[in-house]
Amino acid sequence: MSKYKSAFLRVLDERGFINQISEPEALDELANNSCITAYIGFDCTAASLHVGSLLPIMMLHWMQQTGHRPIALMGGGTTRVGDPSGKDESRRILTEDDINSNLRGIRAIFSKFLTFDGGTAGKDAIMANNADWLNSLNYIDFLRDVGKHFSVNRMLSMDSVKMRIDRQQELSFLEFNYMILQAYDFVELNKRTGCVLQMGGSDQWGNIVSGIDLGRRMNGAQLFALTSPLITTSSGAKMGKTAAGAVWLDATMVSPYEYWQFWRNTEDGDVERFLKYFTVMPLAEIARLAALKGQEINEAKKILATEATALVHGREAAQQAEETARKTFEEGALAEQLPTAEFPRDNLEVGYGVLAAAVKAGFAFSTGEARRHIQGGGLKVNDTTVTDEKMKLTLSDLTPEGVIKLSLGRKRHVLMKPV
RNA sequence: GGGAGAGUGUCCCGAGCGGCAAAGGGGGCGGACUGUAAAUCCGCUGGCUUAGCCUUCGUAGGUUCGAGUCCUACCUCUCCCA
C-alpha cells in the first residue's frame, strides 16, 4: 500500500518512478486537493527521442491520467548551452536550424503519450520551448534579477561541477550557466502557467532544487522537485543503446519490428521493472507475469514487447511485429513482414556475390566486414550457413515466395527482393 | 602575456628504444552453450579486385633506405604563473 494519498503520487510510487521528492507530504496534499501543473525538460540534440527518454515521458503520461496538467519543455534555448551533468566532455553546440528541425520530430512523439487538445480545459498538456524566454534575455537585467541569487561558492560544490573540476576537465563558463538557466526556466514556467513541480532523472536533482530556491527568493513561490531513478539494465548497461545505435522512437529511424525486438530481448531481471515503467498494464497483471520463472518468462517478454511497442507505434504495428517474430523464431517460417532489401534481378542471372548481398542487406559496412562474418560462421542464406565467401546467389536460391532470406546471427534477418 | 604538457586505429580509453596495419582494455559483432535472457568460453573488430595492393597516429613541410616515433612551422585543447 502506498503512503501517498493523491492518485498521482500513488501511481508513480507503485510503478517505481520515484527516487526523491523535495517535500513529499506537502506535494501529496496539493496533488490530492487540486490539479497541479508540472514539467520535465527535454533537450533537442537529436531529431527524435530514444528509449532513454521514455521514462520521463511516462511520468508526464501518468500525471495527465491522474488529473493533472503536464508540460513538456523543449530545451530550444538551453540546448544551445549544453548540460554538464554526468558528462565528461562539452557537448557539441548545435545551430538554430538543427534545433528547430529536431523540435518538430520530437513534438510528434509526445502526441502519442499526451493529450494536447482534448478539450478538457486546464488539463491539456502543454508543449513549451524555453527559447521563448531565454533567447531574448538581456544579460545585464538577467544578472541583476537572477544572477544575484546564485552563490558561486555553492555552485562549485555541486556534483556536476565538482566532478569536472576534480578530474581536471574543463568546464566552460557557458556550461557553468546551465543550472542557472534551468532554474530560471522553472521560475518562468511557474509565472506563466502556475507550474509548481519539476520532474526529471535523479541526476537533475541539483538543478531542480536550484530552481526551487530561485522561485522562493524571486517570488516567494513554493515549488517542488520529484526525481526518478536512473535506469540501467540489470547488467549495468545504459538503457537504449544497441549495436545499431540508439533505439529511437521514430518509426523511420527504428522500425516497429526492430523496436519490438529491442524489448523482446530484455534481460530476465528487468522484466518486472520495465513492465511497470514502459507499459500501462495493471499492476496485478504485471505481478502475475513477473512471477514467471525460467523459460516461461519469455511469455512476459513478448507481452512487454507488444505493449511497449503499441504505445509508441500503435497496437496494429505491435501485433504485426509480434506475429513476424513468432513466424521467424518459433516456426522458422518465412515471415513476409521481415525487413527487406531490394536489388536488381539481373544480378541473379550472372550470380550475385554473397559479400555484396550482405552489405546490401545492411549486415556489414564493407565487403571486408561481410567476409569476416562468413569466416566466423555468422551469415546464412535461406537458413544455410555460408562457408564460401565467393559464393554467388542465383535464381535457384529464390524461395517459392520469390525472395532470398539472408540472416546474420540468429536474430537479424533480411529478405532480399529482386526487382 | 610567460612557463609546462597533450592530440594515436572516425565508438571510447590507451601503450607505442626509427622497421608498425600499430600492444592492451572497454564497448560492439559473430560462434559455442541456452530460453531471441544472463553468466562463461572462443573468434573478429582500417579499405580493396586479399599469396598482394592501398590509406591511417591534430595540419603542413623537412631529415632518413624507412617516420606514430626525430626536426620546423601552424592549429586545437589542458594545466601553472601573471
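Throughout, a chain's letter reflects where its sequence line sits, starting with A, and its residues are numbered from 1.
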Do the ring centers of A/Y184 and A/F142 come within less than 6.0 Å of each other? yes
To the nearest Å, give me how far apart [atom1] ([X]) and [atom2] ([N]) are.
X	N	atom1	atom2	answer
A/I297	B/rA37	CD1	P	13 Å
A/Q261	B/rC29	CD	C1'	17 Å
A/L292	B/rG35	CG	P	16 Å
A/E299	B/rA37	CD	C1'	14 Å
A/F262	B/rA37	CZ	C1'	14 Å
A/R412	B/rG28	CZ	P	14 Å
A/D268	B/rU36	CG	P	11 Å
A/R264	B/rA37	CZ	P	8 Å

Scan every strand shown for a Watson-Crick or G-U wobble partner of [N], both distances under 3.5 Å, and answer none if you come up empty.
N	result
B/rC17	none
B/rC33	none
B/rA6	B/rU76
B/rU69	none
B/rA39	none
B/rU50	none
B/rG1	B/rC81

Position toward the 5' end of RNA chain B (nearest nucleotide), A/K302 or A/G376: A/G376
Need to verify one output field. Residue with the more 5' nearest nucleotide on RNA chain B, A/R326 or A/G409? A/G409
Taking A/K417 first and then A/E342, would you say they form a salt bridge - that is, a charged N and a carboxylate O separated by under 4.0 Å? no
Which whole number of Å gives the distance between the [atom1] atom of [N] and that of [M]?
N	M	atom1	value
B/rG35	B/rU49	P	40 Å
B/rG25	B/rA37	C1'	26 Å
B/rA51	B/rG61	P	33 Å
B/rU78	B/rA60	P	23 Å
B/rU63	B/rU72	P	15 Å
B/rC74	B/rA4	P	15 Å
B/rU59	B/rU10	P	14 Å
B/rG26	B/rC42	P	12 Å

What's the closest nucleotide to the side chain of A/K380 if the choices are B/rG31, B/rA37, B/rC29?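 Closest nucleotide among those given: B/rG31.
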Return yes if a side-chain donor-acceptor contact under 3.5 Å exists between A/N265 and A/K301, otherwise no.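 No, A/K301 and A/N265 have no side-chain donor paired with an acceptor closer than 3.5 Å.
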Are OP1 or OP2 of B/rA37 and a side-chain N or O of A/K411 less than 4.0 angstrom apart?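 Result: yes.
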So does A/D397 get a backbone contact from the side chain of A/N382, meaning a donor-acceptor N/O pair under 3.5 Å?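 Judged by distance alone, yes, a pair lies under 3.5 Å.
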Do side-chain atoms of A/T266 reach the backbone of A/W263 as a donor and acceptor pair under 3.5 angstrom?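 Between the backbone of A/W263 and the side chain of A/T266 there is a qualifying donor-acceptor contact (under 3.5 Å).
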So what does [X] touch, heavy atoms closer than 4.0 Å: a base, only the sugar-phosphate, or nothing?
X	answer
A/L379	nothing
A/T328	nothing
A/Q375	nothing

Other residues, nucleotides, ligands: >12 heavy atoms within 6.0 Å of A/E316 CD: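 Incorrect, the count does not exceed 12.
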Does A/K360 have more than 12 heavy atoms from other residues, nucleotides or ligands lying within 6.0 Å of its NZ? no
Taking only nitrogen or oxygen atoms into account, show me every contact under 3.5 Å that the protein makes with nucleotides 46-49 of chain B, one pair per line with its distance.
unit_1	atom_1	unit_2	atom_2	d
B/rG47	OP1	A/S366	OG	2.9
B/rG47	OP2	A/R372	NH2	2.4
B/rC48	OP1	A/T367	N	3.0
B/rC48	OP1	A/T367	OG1	3.1
B/rC48	OP2	A/T367	OG1	3.4
B/rC48	OP2	A/G368	N	2.8
B/rU49	OP2	A/T367	OG1	3.3

Parallel, tilted or perpendicular: rings of A/F278 and A/F274 (30°, 60°):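 Ring orientation, 0 to 90° scale: perpendicular.
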Quick one, A/Q204 and A/Q182 - any side-chain contact, counting heavy atoms below 4.5 Å?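 A/Q204 reaches A/Q182 side chain to side chain.
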